[in-house]
Amino acid sequence: MIRDFDCLILGSGIAGLSLALKMAERGSVCVLTKKTVPSNTNYAQGGIACVTSKEDSFQLHVEDTLDAGAGLCDEAVVRQVVAEGPERVEELIQRGVRFSQREQGSAGEYDLGKEGGHSKRRVLHAKDMTGREIERALLDAVDTHPNITVLENSVAIDLLRSDKAGWAGPRRCLGVYALDKQRNKIDVYRSPVTVLATGGCGKCYLYTTNPDIATGDGVAMAYRAGARVANMEFIQFHPTCLYHPFAKSFLISEALRGEGAVLVDKAGQSFAENYDPRGSLAPRDIVARAIDAEMKKTGAECVYLDITAKGRAFLENRFPAIEQFCSNLGIDIATQPIPVVPAAHYQCGGVWVDMDGRSSLPGLYAIGEVACTGLHGANRLASNSLLEALVLAHRCGISAQAWARENPARQAVAEWEKGNASDADELVVITHNWKEIRQLMWDYVGIVRTNKRLQRAESRLELLIRETQDFYWNFTVTADLLELRNLSLVSWLIVQSALLRKESRGLHYSLDYPALRAKAEHTFLDKSILESESGLDVTI
Ligand code: FAD
Ligand code: SIN
């Protein structure tokens, strides 16, 4: 089946939904989403960093962002995102998002949280369920909009490129092939504007705070289509993921540290000050490395976050979801320290875009976590990602509408060819490779890296990619196979970026290159160079 829309958005997190509402003012919008489990947005706890208090200023937010980014942020982008933040947050409030308010005193004033690297309280939140509240309000608006079609259980496979469709004009993106999981059919979606809003790639790692959707699909699709990808080595590890045999990927928000929680060892001794004078509230890269070092030094399986000083009434009111989750596992956070470990959390690099979300492939845009605008540099400041997604969605809406007006054509494209593909005989290959990738990324491409470990990871990943590609060409595609294909490629891109960076900066720490280079540079991944060096052909 071939379907046409004025705008095609892949992903239904904060970025995709915000943009859908903008684009629907001028035409038909289709949102394709895997949606088998909620997006990362739904899990956001801490909140949105935005200057709203009189004690704060744009300049301070800019400085904190630049400081966390370890010299690699694009300052013009930082200034723009910070300055446009208040208007975008106000728009969210107008759409019905209920941020927590201060309980005493001035009505209408928002309660502001604090997180690592922030010099002021500036994080708007809905208790510890900010993402859920934002997604609820955006979905309410999207679901009732006559111009928006949301297609769930739809997995985008690959982008449609004009030259592949036999069109002689300048190369551009024409839409996407997507698998409808319910019909088990692959459809063609055509549009002058295709937007990647597919989120990050936390599932590349064995331990992650991310839900199952985070398999790096957008970066993989963009790379295969020849769009520019950058800075993939900067994977942010969140310092405090709950450590418990029955808890998968549950985050203990940095906002707890903002309210006074302290990282301690088994004996109850605070240790973060030994690594940075800001202690438990230093930027994330520093705190995650401190925990990693502490665990390696002592052989401990985890460290602890102690917020017992705040008392039960405060914790039940400010962090109800975390308090309840821990309590269900038998951890009373009002009286016991919480066992925590670092886990892969956020992809700072991604599809390289300008301030309007334009990628290097005309007609293809990227916004939200999948994109690399230059805001985060080598390490994202906490709670800046929801902000970036909102600002970029707004700007992308304006620029994509103009592009669509000037480039309205819909080219003829071929339907998906099934060829001789048959149903796979041995699905164990998929589950085995999936586990192997996540384990090797954790062991060899984690918080502290070496050349030797990266090279080991590289050669294993190349084998796994070849095996997965073989599977992809010979057997009927399934959602699991598509995700494995993306996960293996994105893991390899992380390794390629890491090998290119011959220094330690922000989230990339190498024992072989412990120093910081004088000149801060992005790592761009050029498909034709990488392909000729590795012999790895991932052409669509
Ligand atoms: P997502 O919200 O991840 O949405 C991606 C969407 O793309 C999903 O709908 C998915 O189904 C869809 N998708 C993916 N691949 C495909 C495909 N092939 N085809 C179709 N659809 C596809 N940031 C903050 O600023 N503040 C916080 O407090 C905060 N807390 C966090 C807590 C947790 C536990 C986590 C995991 C992250 C947190 N972050 C926070 C980061 C932030 O939540 C994410 O960066 C942000 O929500 C990403 O939004 P997004 O719209 O780009 O992508
Ligand atoms: C948290 O609440 O600790 C997550 C905030 C973020 O990732 O920005």
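Every number for a ligand or one of its atoms is a count from 1 in the order of the listing. What you see is a predicted model; the values in this text were computed from it and never measured.
At a 4.0 Å heavy-atom cut-off, ligand 1 touches Thr33 through backbone and side chain alike. Contacts between Arg380 and ligand 1, counted as non-hydrogen atom pairs separated by less than 4.0 Å, involve the side chain only. Contacts of Gln45 with ligand 1, taken as heavy-atom pairs under 4.0 Å, involve the backbone alone. Under 4.0 angstrom from ligand 1, there are no non-hydrogen atoms of Ser253. In Ala49, neither the side chain nor the backbone holds a heavy atom less than 4.0 Å from any atom of ligand 1.
If you check which protein heavy atom lies closest to atom 9 (O) of ligand 1, you get Ser12 N, 2.9 Å. Of all protein heavy atoms, the one closest to atom 2 (O) of ligand 1 is Thr41 OG1, 2.5 Å. Looking only at heavy atoms of the protein, atom 33 (C) of ligand 1 is closest to His345 CE1, 3.6 Å. Looking only at protein heavy atoms, the nearest one to atom 14 (C) of ligand 1 is Thr198 O, 3.4 Å. Nearest protein heavy-atom neighbour of atom 20 (C) of ligand 1: Ser154 O, 3.3 Å. Taking atom 52 (O) of ligand 1 as the reference point, the nearest protein heavy-atom neighbour is Glu369 N, 2.9 Å. When only non-hydrogen protein atoms are considered, atom 43 (O) of ligand 1 lies nearest to Asn40 O, 3.7 Å. For atom 53 (O) of ligand 1, the closest non-hydrogen atom of the protein is Gly199 CA, 3.4 Å.
Taking every non-hydrogen atom of Val155 and a distance limit under 4.0 Å, the qualifying atoms of ligand 1 come out as 18 (N), 19 (N). Below 4.0 Å from some heavy atom of Tyr43 lie the following atoms of ligand 1, by number and element: 32 (C), 33 (C), 34 (C). For ligand 1, the atoms lying closer than 4.0 Å to a non-hydrogen atom of Tyr346 are 45 (O). Counting the atoms of ligand 1 from 1 in the order shown, those under 4.0 Å from a heavy atom of Ala156 are 17 (C), 18 (N), 19 (N), 20 (C). Set against the non-hydrogen atoms of Leu32, the atoms of ligand 1 under 4.0 Å away are 20 (C), 21 (N). Listed by atom number, the atoms of ligand 1 under 4.0 Å from Gly368 heavy atoms are 52 (O). Ligand 1 places these atoms under 4.0 Å from at least one heavy atom of Asp217: 15 (N), 16 (C), 17 (C), 18 (N). Applying the 4.0 Å criterion to heavy atoms of Leu386 picks out, from ligand 1, the atoms 23 (N), 24 (C), 25 (O), 26 (N), 47 (O).
Ligand 1 has an N or O atom lying under 3.5 Å from an N or O atom of Ser385, backbone or side chain. The shortest N or O to N or O distance between Ile14 and ligand 1 is under 3.5 Å. Note: no N/O pair closer than 3.5 Å links Leu387 and ligand 1 by distance alone. For ligand 1, the polar-atom distance check finds an N/O of Lys34 within less than 3.5 Å of one of the ligand's N/O atoms. For ligand 1, the polar-atom distance check finds no N/O of Ile213 at less than 3.5 Å from any of the ligand's N/O atoms. In terms of polar-atom proximity, Gly46 is counted as a contact of ligand 1, with an N or O under 3.5 Å from an N or O of the ligand.
Residue Leu281 comes nearest to Arg257 through the heavy atom pair CD1-O, 3.7 Å, listed as atom of the first residue, atom of the second, then distance. When all heavy atoms of Cys204 and Leu487 are compared, the closest pair comes out as N-CD1, 3.6 Å. Of all non-hydrogen atoms in Ala344 and Asn210, the two that sit nearest each other are O-ND2, 4.2 Å. Contact detail for Ser12 and Ser39: the closest heavy-atom pair is O-OG, 4.3 Å. Residue His61 comes nearest to Ala49 through the heavy atom pair CE1-O, 3.8 Å, listed as atom of the first residue, atom of the second, then distance. Nearest heavy-atom pair, Cys173 versus Leu361, reported as atom, atom and distance to 0.1 Å: CB-CD2, 3.9 Å.
For Arg132, the side chain to side chain contact (heavy atoms under 4.5 Å, CB included) test picks out Asn42, Met129, with sequence neighbours left out.
The closest approach between Val370 and ligand 1 stays at or above 4.0 Å for every heavy atom of the residue. Ligand 1 does not have Thr130 within reach: every non-hydrogen atom of the residue lies 4.0 Å or more from it. Ligand 1 is approached by Ser383 to a heavy-atom distance shorter than 4.0 Å.
Ordered by chain and residue number, the residues placing a heavy atom less than 4.0 Å from ligand 2 are Gln45, Gly46, Glu115, His238, Leu251, Ser253, Glu254, Arg284, His345, Arg380, Ala382, Ser383.
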Worked verdict on Arg224 versus Asn486 for side chain to side chain donor-acceptor pair (under 3.5 Å): CA-CA 10 Å; Arg224 283 194 294 265; Asn486 294 329; 2.9 Å; yes

Verdict with supporting geometry, Arg121 and Glu259, salt bridge (Lys or Arg N to Asp or Glu O under 4.0 Å): CA-CA 10 Å; Arg121 283 190 172 266; Glu259 298 299 343; 3.1 Å; yes

Check against side chain to side chain donor-acceptor pair (under 3.5 Å), Asp285 and Gln236: CA-CA 7 Å; Asp285 54 336; Gln236 184 170 68; over 6 Å; no

Candidate pair Arg284 and Glu115, rule salt bridge (Lys or Arg N to Asp or Glu O under 4.0 Å), full reasoning: CA-CA 9 Å; Arg284 266 181 207 171; Glu115 293 176 52; 3.7 Å; yes

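Residues Glu388 and Arg380 fail the side-chain proximity criterion, which asks for heavy atoms closer than 4.5 Å. The shortest distance between side-chain heavy atoms of Leu242 and Phe325 falls below 4.5 Å. Looking only at side-chain heavy atoms (C-beta outward), Asp212 and Lys34 stay at 4.5 Å or farther from each other. The side-chain heavy atoms of Tyr177 and Val188, taken from C-beta on, include a pair separated by under 4.5 Å. Using a 4.5 Å cut-off on side-chain heavy atoms (C-beta onward), Ile338 and Leu256 make contact. In this structure, the side chains of Leu72 and Phe234 come closer than 4.5 Å at one or more pairs of heavy atoms. The side-chain heavy atoms of Cys201 and Glu369, taken from C-beta on, include no pair separated by under 4.5 Å. Counting heavy atoms from C-beta on, the side chains of Val445 and Tyr205 come closer than 4.5 Å.
Among Phe471, Tyr472, Trp473, the one residue that satisfies the ring-ring contact (aromatic ring centres under 6.0 Å, His included) test with Phe475 is Phe471.
In the candidate list Gly11, Gly47, Ala44, Gly47 is nearest to atom 26 (N) of ligand 1, counting heavy atoms.
Centroid-to-centroid, the aromatic rings of His244 and Phe250 stay 6.0 Å apart or farther.
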